[in-house]
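For ligands, and for the atoms within them, numbers begin at 1 and follow the listed sequence.
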Amino acid sequence: MVVASRLPVDRVEGPDGKQEWRPSPGGLVTALEPVMRETGGAWIGWSGDAGPAPGPFEADGLHLVGLALSEAEVRHFYEGFCNATLWPLYHDVIATPQFHRRWWDAYVLVNHRFAEAAADQAAPGATVWVHDYQLQLVPRMLREQRRDVRIGFFNHIPFPGYEIFAQLPWRRQVIEGLLGADLLGFQRRADAANFLRACRRAVGLTTRGSTVRVSEPGGTREVQAAAFPISIDAAALTETARRDDVRKRAREIREALGEPDLVLLGVDRLDYTKGILHRLRAYGELLDDGRLGPRAVLIQVASPSRERVEAYQTLRDEVEVTVGRINGQHGEVGYSPVHYLYQTYPREEMAALYLAADVMLVTPLRDGMNLVAKEYVATRYDEAGTLVLSEFTGAADELPGAFGVNPHDIEGLKNTIVRAADTSPQEARRRMRAMRRRVSEHDVARWAASFLDTLGQVPSREADAAREAPAAGSAGG
Ligand code: GDG
């Protein structure tokens, strides 16, 4: 069973004008689909809209169970505690986290709802995989109701250093919530180490290597915390990129830009963690200095995200003012140095954009992994193109073929962009080959299998006993 804040479906209008749910397979679904189908597992999540949830339904062989959030819960739990408290706190307080007791109450309540649904639905001895920072209390809440299930948790975003984490007024409850799991997965080893330190400092627990010892009424239990860097469906993306229509579209994009000498590309959710302003600043200065040749173009896809959260509205204004300034200063009739696209595109268009680029700019100030960097690499079957990659991403640990950069160092960022643009085709190919090898070998299927294998090896007498003697009447799992 998967428990994630979002269901892998979108609400669409059906042919008769009625609302329907259509599967929106992302990386997580792709990775988990085979195992979910094989085991008849359920996926519990929220649809993304306030109001009634879609009833349990089947989509592409997945059994989906929707949970409802009220308008107030969307505000306090989702936009509040998840996106304005935990998100900035876990990303090294790039924005100031807000601590409100009412938001915390909503977080507890909603986590309870998810845990109840999981407890109701899980088969005896089931394996339950809980995802991400929105649901950190679910592991413990679920274990309190169901001692027979194996619980895994994966944190998609960074886990911050203790000095930052310690600001959270509910730090102890969060750590105790997470420790209800048997296995905790993080993107990088540094994240797992930060979590283990928080166990020692916030709760006074003893850790040994990657193991935390937790005392419970029935005895002690061992919880593992380790790195499982997430990845993408690399083979599927390579296949998309090789399609005739996608390659043709990549050529059209360059033509539409007026066949520039240099195409730089950024693709991000419009989020302050992604370093979009730092990137624009460096690019603007490179144009001022005339270091990129006469007609460089930067395409910046900024997909709309969390539009009701204030920090995101402010960021959007700042980005749009900056883009306007650069285009006003350096543009001409028929030439804009920045093509800013505040839109969401189909997968094929994204692949064509990746293929059309000479240099990909991935410059987050902090990012758990960053799948865009891996998608760019998987798309470049032609082994061309270079990648500028922030040191503060999980992906940087895996892609030494990239040009590493500290995005706070604007001078360094400028120099690195110029180096990446000036790389010889031979050198670019050597770097791209190494990165492609890594991404194709460590794809998302391998990530899921490695997490689930490790979780399956956690000794659990209750889970083994429950599976051997299943109780009547339990569903799913
Ligand atoms: C979180 C963590 C971690 C973006 N615009 C469009 C579009 N996208 C897709 C990208 C990519 C995904 O969205 C973004 O993934 P990232 O990993 O870059 O970043 P977050 O959204 O912040 O994800 C992150 C991730 O979880 C997984 O664990 O890597 O660190 O923050 O797949 O391609 N896709 C389409 N159109 C768009 O306009 N189709």
Contact atoms of ligand 1, heavy-atom distance to [X] under 4.0 Å:
| X | value |
| --- | --- |
| Q343 | 38 (O) |
| S303 | 4 (C), 5 (N), 6 (C) |
| H156 | 2 (C), 3 (C), 26 (O), 27 (C), 28 (O), 30 (O) |

Quick one: do [X] and [Y] make a salt bridge, cutoff under 4.0 Å?
| X | Y | value |
| --- | --- | --- |
| R316 | E320 | yes |
| R254 | D358 | yes |
| E163 | R197 | yes |
| R249 | E349 | yes |
| R247 | D244 | yes |

(request) Please confirm whether E349 comes under 4.0 Å of ligand 1, counting heavy atoms of the residue only. (result)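 Distance cut 4.0 Å: E349 fails for ligand 1.
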(message) Looking at ligand 1, is there an atom of it that comes within less than 4.0 Å of some heavy atom belonging to W87?
(response)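 Right, W87 reaches ligand 1.
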Any protein heavy atom lying closer than 4.0 Å to [atom]?
| atom | answer |
| --- | --- |
| atom 1 (C) of ligand 1 | no |
| atom 23 (O) of ligand 1 | no |
| atom 12 (C) of ligand 1 | no |
| atom 9 (C) of ligand 1 | no |

(message) Please identify which of these residues, Y78, W87, F186, F153, meets the ring pair (Phe, Tyr, Trp, His ring centres under 6.0 Å) condition with Y133.
(response) W87
(message) If you take the nearest heavy atom of each of K274, R347, K374, E375, which one is closest to atom 19 (O) of ligand 1?
(response) K274
(message) Going by the closest heavy atom to atom 7 (C) of ligand 1, which one wins out of M369, Q187, M350, R366?
(response)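 The option holding the nearest heavy atom is M350.
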(request) Mark yes when over 12 heavy atoms from residues, nucleotides or ligands other than H408 sit less than 6.0 Å from its NE2; otherwise mark no. (result) yes
(message) Donor-acceptor check, side chain of R269 to backbone of A302, threshold 3.5 angstrom: yes or no?
(response)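 Not a single qualifying donor-acceptor pair exists.
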(request) Would you list the pairs meeting salt bridge (charged side-chain N to carboxylate O under 4.0 Å, His left out) in which at least one residue belongs to residues 174-183, sequence neighbours left out? (result)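 For residues 174-183, and leaving out neighbouring residues, the salt bridge (charged side-chain N to carboxylate O under 4.0 Å, His left out) pairs sorted by first residue read R140-E176, R143-D182, R172-E176, D182-R221.
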Using distance alone, determine whether [X] and ligand 1 share an N or O pair under 3.5 Å.
| X | answer |
| --- | --- |
| G368 | yes |
| D367 | yes |
| L371 | yes |

(request) Record the part of R269 in heavy-atom contact with ligand 1 below 4.0 Å; permitted values are side chain, backbone, both and neither. (result) side chain
(message) Counting only heavy atoms closer than 4.0 Å, does ligand 1 sit against the backbone of I230, its side chain, both, or neither?
(response)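 Side chain only; the backbone of I230 stays clear of ligand 1.
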(request) Measure up the W170 and F81 rings against each other and bin them: parallel (under 30°), tilted (30 to 60°), perpendicular (over 60°). (result) perpendicular
(message) Counting non-hydrogen protein atoms only, what is the nearest one to atom 14 (C) of ligand 1? Give residue, atom name and distance.
(response)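 Ranked first by proximity to atom 14 (C) of ligand 1 is V372 CG2, 4.6 Å.
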(request) Among all protein heavy atoms, pick the one closest to atom 38 (O) of ligand 1 and tell me residue, atom and distance. (result) Y345 N, 2.8 Å
(request) May I ask you to establish whether R431 and F403 are in a cation-pi arrangement, using a distance under 6.0 Å from NZ or CZ to the six-membered ring centre and at most 45° from the ring axis? (result) yes
